[in-house]
Amino acid sequence: MNSRGFYTLFYKEVLRFGKVWLQTLGAPIITSLLYLLVFSHVLEGRMEVFEGVSYSAFLIPGLMMMSLIQNAFANSSSSIIQSKVTGNIVFLLLAPLSYLEMYLAFMLAAVVRGMVVGLGVLVVGIFFVDLPVHSVVALVSFGLLSGAVLATFGVIAGIWAEKFDQLAGAQNFIIMPLSFLSGVFYSIHSLPPFWQKLSHFNPFFYMIDGFRYGFFGVSDVDPRFSLAVLVASLGILAILTLAMLSRGYRLRD
Amino acid sequence: MSAAITIAGVHKRFGNLRALDGVEFNVERGEFFGLLGPNGAGKSTLINVIAGLTRASEGAVAVLGHDVVSDYRSSRMKLGVVPQELVFDPFFTVREVLRIQAGYFGLGAECYPWLEELMSELQLANKADANMRTLSGGMKRRVLIAQALVHKPEVVVLDEPTAGVDVELRQSLWVFIRKLHEQGHTIVLTTHYLEEAESLCDRIAILNHGKVIALDTKQGMLARGIGRRMRVCITTAEPISALPPRLTEKLRRQQANVIELELDRDSDSVIDLLDEVRSTGVAVTDLHTEEADLEDVFVELVRQGRK
Ligand SMILES: Nc1ncnc2c1ncn2[C@@H]1O[C@H](COP(=O)(O)OP(=O)(O)OP(=O)(O)O)[C@@H](O)[C@H]1O
Ligand SMILES: [Mg+2]
């Protein structure tokens, strides 16, 4: 086990987004804040999703989770594609790092970015609204697991994509719609039955539903089930990633 | 004891293109080995296979006995590679880049003095805190070399380290690489400057269309048939209008009042030829001879390959 090698790659990845924090951390927090201001202003008082929970309070966990997962995905995928396009990925490929070490380093650094952005949204949000906390354990586990799932998906996308626009495609046609339609802005119970059913096939729905449970103790589905869905998703994606890496798919062709 | 690099029956195909077509040779420990060949011959592809950056379609490569696929950790620990392309990470400074690279190889603060030494050897010390983006091409090249050496690898492979480098830097790189070799590193060098290979390398392989077309010591290479040839340049007071037939046979080039002849060292005599020239009635004002060099050998071998 090359633990120093693993740690170095992890640290380098954190340093990479840390050096351009305004873009990688500041911008997504501002975006979430804008959503919060606009939607809560328009919908406050007209909608009560959970009993006794204001719409703004309902919205904040959703926005946190949405920015967490989008940034986890953005970090691993953009770092890998950038290294591939500029060619400096050779420095990594020349090093005695195993596939597992490489995967874990990229994934964990992306989770760190997702968590920092998520926390940033929370810190900004509680200026405006009081939020209860039902279960810290649930919040942390849903936060970490969701970040890990999207970070892993980002690693896959980064390895697969050969150009930046392919990555932008994945972001615009998969990540954005799935996160918008997962119940960030509404509870799926307010949807027509067909769309409700469909939402259950959206893994992002379980992330947001479970995360909200951590705040309010209320959720659309049993949080244990949501947790199981996330663990299974992470397992499948991680196996896929390691299989791609060990075959050298698009990295050592 | 295993060779520094063992290359056994390596093929690499990109679709229908055979970039490497059955390459097989060893680089011995402590050698200064030259890998030559025209553009597209497969030199970089072979280096990529050795470095584990691409997988061979067939065959196997080992570095100091460690297979580059199955025992990659050991093989990579022993190998330093300077890539042909000027690649760099625009997020970091020179010192950061070197520390990160050392970290990948499992090295921490204990190697920092070595990294500082590398930077000063390669005249990068005053650029240590400069961002990679702000460096000139020559400086980036030197950082690439430093990056390949962070873990003090026994075998160092340099893919055209002197391409696009000014004369002064080229010479200082030669001194640096020679020193590495004297310290016991095995060196593999590719270059398109044949005089560079001639002055540095002990043994040379010439690659063409993915095949090794010649593999010999430098002396062996030069002594090939081609090496018995000699070129003579004769300058006359005025151009010769009608060359005697014996000279026409040997003529390589004629330009105004200069003729260049190619002679066989064993059967031709320079004196006889001079007499032939004088017999045309023009005065000889200058004469010089040139031995065949690696460039002649190279051109000849590659040309034969094309036939
Ligand atoms: N990734 C790739 N996909 C397809 N073809 C490739 C790839 N890499 C190299 N080739 C082809 O393989 C052949 C050998 O290329 P290589 O880069 O090894 O040549 P080289 O000897 O290093 O040339 P140069 O002196 O120009 O650097 C070329 O025909 C090249 O086009
Ligand atoms: Mg090349």
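A note on names: the letters A, B, ... follow the listed sequences, proteins ahead of strands, and every chain is numbered from 1. Note that the coordinates shown come from a computational prediction; the quantities given were computed from them, not determined experimentally.
At a heavy-atom separation below 4.5 angstrom, chain B is approached by no residue within residues 140-158 of chain A. Chain B is approached within less than 4.5 Å, heavy atom to heavy atom, by no residue from residues 162-183 of chain A. Residues of residues 226-242 of chain A lying under 4.5 angstrom from chain B, judged on non-hydrogen atoms, do not exist here. By a heavy-atom distance cut of under 4.5 Å, Q82(A), T86(A), G87(A), N88(A), V90(A), F91(A), L92(A), L93(A), L94(A), A95(A), P96(A), L97(A), S98(A), Y99(A), E101(A) are the residues of residues 67-103 of chain A near chain B, going up by number.
Per-residue counts of heavy-atom pairs under 4.5 Å with chain A were compared for D89(B), I100(B), L53(B); the largest is that of L53(B). With respect to chain A, the highest number of heavy-atom pairs below 4.5 Å among L107(B), L86(B), L144(B) belongs to L107(B). Contact count versus chain A (heavy atoms, under 4.5 Å) is highest, among P83(B), A51(B), A148(B), G108(B), for G108(B).
More than 12 heavy atoms of other residues, nucleotides or ligands shown are found within 6.0 angstrom of NZ on K19(A). Enclosure of atom NZ in K211(B) is not indicated, since only 12 or fewer non-hydrogen atoms of other residues, nucleotides or ligands lie within 6.0 angstrom. Surrounding OH of Y11(A) are at most 12 heavy atoms belonging to other residues, nucleotides or ligands under 6.0 Å away. By the neighbour-count criterion of 12 heavy atoms within 6.0 Å, atom CZ of R247(A) is sparsely surrounded, having that number or fewer from other residues, nucleotides or ligands.
Contacts between L79(B) and chain A at a heavy-atom distance below 4.5 Å are absent for every atom of the residue. For Q147(B), the part lying under 4.5 angstrom from a heavy atom of chain A is the side chain only. For F88(B), the part lying near chain A is the backbone, with the side chain staying farther off; criterion is any non-hydrogen pair under 4.5 Å.
Using modelled atom types, one side-chain atom of R252(A) and one backbone atom of G52(B) make a donor-acceptor pair closer than 3.5 Å.
The shortest distance between side-chain heavy atoms of K12(A) and F92(B) falls below 4.5 Å.
Pairing each heavy atom of Y104(B) with each of N2(A), the nearest pair is O-ND2, 2.8 Å.
One finds the OG1 atom of T8(A) at 11.0 Å from the CZ atom of F105(B) (value rounded to the nearest 0.5 Å).
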